[in-house]
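Computation of the quantities below employed the complete heavy-atom set of this structure, encompassing side-chain atoms and omitting hydrogens, waters and symmetry-equivalent molecules. When a ligand or atom number is given, it counts from 1 through the structure's own listing order.
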Amino acid sequence: MIREARVIAHPNIALAKYWGKLPGDGNLPAVPSLSVTLQGVSTHTHVAFRDDLGGDQLILNGEEADAASLARATTLLDRVRAASGEKRFAAIESRNDFPTASGLASSASGFAALALAAVRAAGLDWDAARVSDLARRTSASAARSLFGGFVELDAGTPATTTLSARPVAPGDHLDLRVLICVTTEGKKAVGSTEGMKATASESPYYAQWLVLAKDFERLGALTEASALAMHASAIAANIVYWNGVTIEGLAAVKALRARGTLAYATIDAGPHVKVVVRANDAALVGTWMRAVPGVLRVIECAPGEGARLEESGAT
Ligand code: PMV
């Protein structure tokens with residue numbers, strides 16, 4: 001018998017970043033974060049527990065994944081096996097329609113999708129918060145992709161045993177778009193876990209209040225400041241995720257603001273600049289950013305839904 005589930009999940013972009021983990025192996029963020037889940041970029045993941053496997057298998061974008069990625073997936077599956085009656089190995093197939101492992105938050109949608117698919121394939125009826133906690137143990141940003149719209153993840157404390165993200169406001173609460181300016185299709189050299197070990201940062205709690213107050217201008221300013229603080233601390237530890245196009249992109253966003261358009265940049269653990277704008281300005285800002293030398297393409301994303309089941313069953 002095969003027990004399987006298919007899930008779709010979307011990346012999220014942190015407006016207030018988490019960068020830095022608590023000591024220990026709980027994978028607990030040291031600072032709170034606030035993100036928006038994106039529509040228009042997706043991860044599709046299928047998990048099947050089968051009798052005929054001698055170990056877990058992971059196919060990522062059509063190719064067998066490297067040992068480190070498989071080990072992370074197996075750790076998550078082990079937690080699901082320990083909590084369910086399902087003890088067999090699983091075959092995982094996962095596909096992203098955007099660049100993988102390049103700071104476009106593929107680990108967020110990837111582990112959110114894997115957590116939900118594994119839980120449902122194993123027959124567990126856990127709610128989104130419990131699945132969020134499971135995903136968070138592998139990738140803290142993944143905890144946020146279980147939910148749609150604007151989502152918050154608290155910092156952990158040494159006493160924390162479970163920690164889930166939670167929705168703050170629906171996606172249409174703010175008329176916002178994120179323009180992902182892709183600067184390379186390649187993988188990054190330093191993963192975020194490795195990068196964080198060397199750095200620390202802080203991220204103010206008040207981002208959620210700015211969302212609730214629909215204060216786009218202050219939220220945008222905070223978004224850019226949070227990203228620059230994260231990268232300043234990373235760069236000080238010689239962890240540089242930027243390339244030349246990142247700098248050009250940042251300058252282009254500043255120039256837009258000087259012309260009176262409210263546009264704010266954010267950058268994750270990779271070189272792409274993401275521009276947070278009002279929906280009405282998205283077309284103009286997209287044209288402006290496409291003209292930056294080295295920007296390969298611009299993906300426009302509205303706020304999107306949380307991870308969800310497409311199908312599940314046993315055959
Ligand atoms: O999800 P992780 O643990 O790989 O960390 C990613 C952290 C950033 O994306 C750089 C910031 C954030 O809050 O999403």
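For A140, the heavy-atom gap to ligand 1 drops under 4.0 angstrom.
No N or O atom of N27 sits closer than 3.5 Å to an N or O atom of ligand 1. Below 3.5 Å of separation, one finds an N or O of S141 facing an N or O of ligand 1. Close N/O approach between Y18 and ligand 1 is found [any backbone or side-chain N/O within under 3.5 Å]. Checking only distances, R144 does come within under 3.5 Å of ligand 1, N or O to N or O.
At a cut-off of 3.5 Å, with distance as the only test, a side-chain donor of T246 or N243 sits close to an acceptor on the other residue. Counting only N and O atoms by type, the side chains of S312 and R120 include no donor and acceptor under 3.5 Å apart. Residues T261 and D281 bring no donor and acceptor atom of their side chains to less than 3.5 Å of each other. Using modelled atom types, one finds no donor on one side chain facing an acceptor on the other under 3.5 Å when comparing T223 with S226. Inspection of the E305 and H10 side chains reveals no N or O donor paired with an N or O acceptor under 3.5 Å.
Close contacts between ligand 1 and M230 involve ligand atoms 10 (C) [criterion: under 4.0 Å to a heavy atom]. Heavy-atom contacts of W19 reach the following atoms of ligand 1: 10 (C) (cutoff under 4.0 Å). Those atoms of ligand 1 with a heavy atom of S107 less than 4.0 angstrom away are 1 (O), 4 (O). Using a 4.0 Å cut-off to heavy atoms of K21, the atoms of ligand 1 that qualify are 3 (O).
For D133 and R130, the salt-bridge test fails: no basic side-chain N is under 4.0 Å from an acidic carboxylate O.
Residue contacts with ligand 1 for A14 involve side-chain atoms from C-beta outward but no N, CA, C or O (heavy atoms, distance under 4.0 Å).
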Identify every side-chain donor-acceptor pair in residues 287-294 under 3.5 Å, counting partners at least two apart or on other chains, and give the distances.
from, atom 1, to, atom 2, distance (Å)
T287, OG1, A283, O, 3.1
W288, NE1, A252, O, 2.9
R290, NH1, G286, O, 3.4

